[in-house]
Amino acid sequence: MPRKGVVMREIVFGLVGRGLERLVGEGVLPGEVLAAFPGAGTEIKVERPRERSHGDFSTNAALVLARLAGMKPRDLAQRLLSAMPADLLDGVRCELAGPGFVNFHVSPERLRNVIPVILQRGADYGHSRAGNGQRVLVEFVSANPTGPMHVGHGRGAVTGDVIARLLSAIGCAVEREYYINDAGAQIDVLGRSVLYRYREALGCPTEPPADHYPGEYVIDIARALIARDDKKWLATPLSGKPPVEVVDLAIELVMGEIRSDLESMAIHFDHWFSERTLHAEGGITRVMAHLQANDLIHEGVLEPPKGREISPEEQDDRLQVLFRATRFGDDADRPLMKADGTPTYFAADIAYHFDKARRGYTRLIDVWGADHGGYVKRVQAALEAMTGQKELLDVVLTQMVNLTQGGKQVRMSKRAGTFVTLREVLDETGSDAVRFWFLTRSSGAGLDFDLDLAKSRSNDNPVFYVQYAHARVHSVQNKLKERGLSDEEGDLARLTAQEELDLIRLLGMFPETVESAALSREPHRLTYYLSDLAAMFHGYYNNYRILDEDPGLRGARLALVRATGRVIANGLDLLGVSAPESM
RNA sequence: GUCCUCGUAGCUCAGUCGGAUAGAGCAACGGAUUCCUAAUCCGUAGGCCGUGCGUUCAAAUCGCGCCGGGGACACCA
């Protein structure tokens, strides 16, 4: 009898692996085939067939290896079939199918085994060690401290946080980091914007600075500045660099808002990394020296941008310091120094990412808005230049969020200061709706967020749909007590209906869903899984009485229902969404 | 012009980094309620997977070329 807790998929991998070993031993196949299997480098796969009649698992091994063996695929498949060890075959029926697939049908007895496994492992079910203890740093949000978060930032926030949760679940050591761009030109703009509103509030208005942030929040900061410093800054000019004391207060207040928004969505960071520390601690000079020493910097003239017309006056023929990004696959060499002698944002970003690498993470993940997509190559290029490591950094890009209400689009414009903030949306719909909804699409696809639907208590609202499935699980159990029915262990063999076996199969796929969502950095896979699971459960619930009079059957169905509730709860937990027991 | 991204049912999108007869939700149409929450479910209909070539035993998936949408393209971040 196979051990409880061993995932079915692993057993099938074992079957195929041992079968191949034997064929190698018999000289049918060359030894190399074993080196790769079941790693990533092989074409040989064990997968879940779409078609149910094709079984629970299927392998293409014979199709892939037919040429190497000099045999027809079906003949090789037949050899593989007879080479598989009988001791692992308990409850698994294998057959040759199609052009040379070997299909594995798992018996109902074996399938049902997952129910006690889920109930035993509880909150741990779905967790694994597939991540192999890797140290991963996920950097996300990193919204500039120049204004409140908008919904687009929110999407990045949820995406990053759930990627981090998923990676933890598969056994990675994950840390979350927020990069604060608290140095640079946009911060000066913020400072001047505050001074402008400050003078306005004190009754000494001036012309607004050429570039300024129009939002209400700037006025709030100005008021706070008055409260703290009174008229101290009235004589300060609105051009040039604003005083540090003013800028720092502004950053502190804006970051306070951002932190509280994140807090409302239960997003916690391990590190808040300030760009200023890079400048202060010489990180940038270190990077420049390193690049210089490796002949990765040269002086050159920047090619004019291709996308727009450049007037002759605008044209810049100046020699400047460029990083040889083209050596690492980027389209152009990128500037490291501004005309005023200060480093570019890119230079700081190299230093920042190099700093991450030096902290010893085996993997870096950045979540950016899609509008920064053009930036991916150069940062990856720089990181490779600094560390010699390729593919250390994964960048996940999130597309825009369109807010709608009653079918009409809610217009957002940062320039006009009328954008709808994340805070407003959170107050309107709540964290659960926002978190779940932001993951109902792959991050690369645009997303419509319907404010009305997201807070509606209807089956059209995917959040409620899944949460309600969970609530139902508990509602049945309450009913059981209410009626004073006995809660016996039940006989799982009584679960013979097609719907029951399908539900059980789906429960068994939860761990691999978590794993694939984590490894591919695609949290939406989990969202889809939960919606499917909820749908299947609702269907089952509607067509079968859980609280049957027969205690044996009742107990079995209750176990299935509880296992389903467990999986939904675990899944929602990975999404950071609550699993209410009643609604 | 270059790079990124997307193109799948009327609409919004999945499709597990090549698998066997391409899925879901919404919308449309037809049903289910003396019953554990109808906040739910069941059924019908709907497709040249943008397009052409190529790679392969096998392509919605990979490569190249077009077509179309979105985004990014010098010392802003």
Side-chain angles (χ1 to χ4, degrees), chain A residues 40 43 45 47-51 53-54 58 60 63-64 66-67 72-73 97-101 103 142 144 146 181 184-187 189 211 275 301-308 310 314-316 318 320-322 330-332 334-349 369-377 397 399-400 440-442 444-448 456-462 464-465 467-469 471-472 475-480 482-483 509 512-513 515-517 519-520 522 524-525 528 531-532 535 538-547 561 582-583:
Chain A
E43 302 278 293
K45 285 185 186 166
E47 58 196 354
R48 299 268 190 181
R50 251 199 299 248
E51 187 69 27
S53 65
H54 295 152
S58 172
N60 62 349
L63 287 160
V64 174
R67 183 176 304 215
K72 290 182 187 163
F101 290 103
N103 293 341
S142 300
N144 287 341
T146 55
N181 293 123
Q186 89 288 351
I187 288 297
V189 173
D211 216 3
E275 181 188 350
V301 176
L302 220 47
E303 297 204 1
K306 297 287 165 50
R308 60 187 174 98
I310 289 291
E314 223 184 333
Q315 179 68 40
D316 186 355
R318 195 170 50 82
Q320 55 186 315
V321 181
L322 302 177
D330 198 3
D331 314 311
R334 307 293 178 178
L336 297 171
M337 295 300 234
K338 300 186 205 172
D340 63 7
T342 60
T344 60
Y345 176 79
F346 177 50
D349 224 9
D371 54 342
H372 290 61
Y375 210 73
V376 176
K377 273 189 190 173
L397 299 177
Q399 268 291 354
M400 297 221 313
T440 54
R441 297 280 112 96
S442 70
L447 175 72
D448 289 327
S456 76
R457 303 164 76 78
S458 80
N459 55 330
D460 297 338
N461 182 348
F464 275 84
Y465 186 81
Q467 287 183 319
Y468 178 49
R472 266 192 159 164
S475 143
V476 180
Q477 294 178 75
N478 293 337
K479 209 66 177 184
L480 176 83
E482 248 173 61
R483 292 189 186 167
M509 291 185 207
E512 59 202 76
T513 302
E515 187 183 321
S516 81
L519 293 177
S520 61
E522 291 185 344
H524 73 278
R525 290 189 193 179
Y528 274 90
S531 296
D532 285 349
H538 283 311
Y540 174 56
Y541 181 91
N542 247 270
N543 289 312
Y544 292 84
R545 310 279 311 163
I546 309 305
L547 301 181
V561 166
S582 70
M583 296 176 73

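Below, chains carry the letters A, B, ... as their sequence lines are ordered, and counting in each starts from 1.
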Please enumerate all residues that pass side-chain contact (heavy atoms from CB on, under 4.5 Å) together with Ser475(A), with sequence neighbours excluded.
none

Quick one: which of C4(B), C36(B), G15(B) gets closest to the side chain of Arg545(A)?
C36(B)

Looking only at side-chain atoms of Leu63(A), point me to the closest of C41(B), A77(B), G19(B).
G19(B)

CE/Met337(A): more than 12 non-hydrogen atoms of other groups inside 6.0 Å:
yes

Compare the ring of His54(A) with the six-membered ring in the base of A20(B) and state whether they stack (centres under 5.5 Å, planes under 30°).
yes

Residue pair Phe101(A) / Ser58(A): nearest heavy atoms and the distance that separates them:
CD2-OG, 3.6 Å

Give me the distance, rounded to whole Å, that separates U33(B) from A24(B) when you measure between the C1' atoms they each carry.
26 Å

Of A39(B), A38(B), G19(B), the nucleotide closest to the side chain of Glu47(A) is G19(B)

Nearest to side-chain heavy atoms of Pro335(A), which nucleotide of A74(B), G19(B), A77(B)
A74(B)

Looking only at atom P, what distance separates C53(B) and U16(B), rounded to whole Å?
25 Å

Choose from A38(B), C35(B), U21(B) the nucleotide whose nearest atom is closest to any side-chain atom of Glu51(A).
U21(B)

In whole Å, I'd like the distance from the OH atom of Tyr375(A) to the C1' atom of G71(B).
17 Å

Side chain of Thr146(A), base of A77(B): donor and acceptor closer than 3.5 Å?
no

Looking at the side chain of Asn543(A), which of C42(B), C36(B), A77(B) is the nearest nucleotide?
C42(B)

How does RNA chain B look in dot-bracket form if you count Watson-Crick and G-U pairs under 3.5 Å, write [ ] for pairs that cross, and put | where a base pairs with another strand?
(((((((..((((.....[...)))).(((((.......))))).....(((((..]....))))))))))))....

Heavy atoms only, 4.0 Å cut-off, all strands: where does Asp211(A) land among base, sugar-phosphate and nothing?
nothing

side-chain contact (heavy atoms from CB on, under 4.5 Å) filter on Ser456(A), not counting sequence neighbours, yields Leu453(A), Ser458(A), Asn461(A)

With the side chain of Phe464(A) defined as its heavy atoms from C-beta on, choose the nearest nucleotide among A39(B), A20(B), C4(B).
A39(B)

For Arg48(A), report the nucleic acid contact type (base, sugar-phosphate, nothing); a contact means any heavy atom under 4.0 Å.
base

Sugar-phosphate only, base, or nothing, as touched by Tyr544(A) at under 4.0 Å among non-hydrogen atoms:
base

Lys479(A): salt bridge (Lys or Arg N to Asp or Glu O under 4.0 Å) partners, not counting sequence neighbours:
Glu482(A)

Where the side chain of Ile546(A) is defined as all heavy atoms beyond and including C-beta, which of C41(B), A20(B), C36(B) is the nearest nucleotide?
C36(B)

Measuring only the P atom in each nucleotide, how far is A59(B) from U2(B)? A whole number of Å is fine.
31 Å

Does the side-chain ring of Phe101(A) sit on the six-membered ring of the A20(B) base, less than 5.5 Å centre to centre and under 30° in tilt?
yes

Between the protein and nucleotides 7-14 of chain B, which nitrogen or oxygen pairs are less than 3.5 angstrom apart?
from   : atom 1 : to        : atom 2 : distance (Å)
U12(B) : O2'    : Arg441(A) : NH1    : 2.6
C13(B) : O2'    : Arg441(A) : NE     : 3.1
C13(B) : O2'    : Tyr528(A) : OH     : 2.6
A14(B) : OP1    : Ser442(A) : N      : 3.0
A14(B) : OP1    : Ser442(A) : OG     : 2.5

Do Asp340(A) and Thr342(A) have a side chain donor and acceptor closer than 3.5 Å?
yes

What interatomic distance, in whole Å, is found between P of G43(B) and the corresponding atom of G50(B)?
29 Å

Taken in chain and number order and not counting sequence neighbours, the residues that satisfy side-chain hydrogen bond (donor to acceptor under 3.5 Å, both in side chains) with Arg545(A) are none

Asp211(A): what forms a salt bridge (Lys or Arg N to Asp or Glu O under 4.0 Å) with it, not counting sequence neighbours?
none

Which is true for Phe346(A) with a 4.0 Å heavy-atom rule: it touches a base, it touches only sugar-phosphate, or it touches nothing?
nothing

Against the side chain of Arg472(A), the closest entry in A38(B), A20(B), A72(B) is A38(B)

Please report the distance separating the C1' of U12(B) from the corresponding atom of U34(B), rounded so that it comes out in whole Å.
39 Å

Please tell me which of Val476(A) and Asp331(A) maps to the more 5' nucleotide of RNA chain B, matching each residue to the nucleotide holding its nearest heavy atom.
Asp331(A)

Using modelled atom types only, decide if a donor and an acceptor are shared between the side chain of Asn60(A) and the backbone of Lys45(A) within a distance under 3.5 Å.
yes

Which word best sums up how the rings of Tyr375(A) and Phe346(A) line up, parallel for under 30°, tilted for 30 to 60°, or perpendicular for over 60°?
perpendicular

Hey, does the side chain of Tyr465(A) come within less than 4.0 Å of A24(B)'s phosphate (OP1/OP2), counting only N and O?
no

Tell me every residue that passes salt bridge (Lys or Arg N to Asp or Glu O under 4.0 Å) with Arg472(A), counting only those two or more places apart in sequence or in another chain.
none

For Ala517(A), which residues count as a side-chain contact (heavy atoms from CB on, under 4.5 Å) partner, sequence neighbours excluded?
Leu166(A), Arg525(A)

Which nucleotide wins on minimum distance to the side chain of Leu397(A), given the candidates C4(B), A77(B), G19(B)?
C4(B)

What is the nucleic acid contact for Ser475(A), judged by heavy atoms within less than 4.0 Å: base, sugar-phosphate only, or nothing?
base

Quick one: label Met400(A) by what it contacts on the DNA or RNA (base, sugar-phosphate, nothing), any heavy atom closer than 4.0 Å.
nothing

Need one value for Gly373(A): base, sugar-phosphate or nothing, where a base atom within 4.0 Å counts as base even if backbone is also close, heavy atoms only.
nothing

When we call it a touch if two heavy atoms are under 4.0 Å apart, what does Asp330(A) touch: a base, just sugar-phosphate, or nothing?
nothing

Using only modelled atom types and a 3.5 angstrom limit, is any donor from either the side chain of Asn60(A) or the base of G19(B) paired with an acceptor on the other?
yes

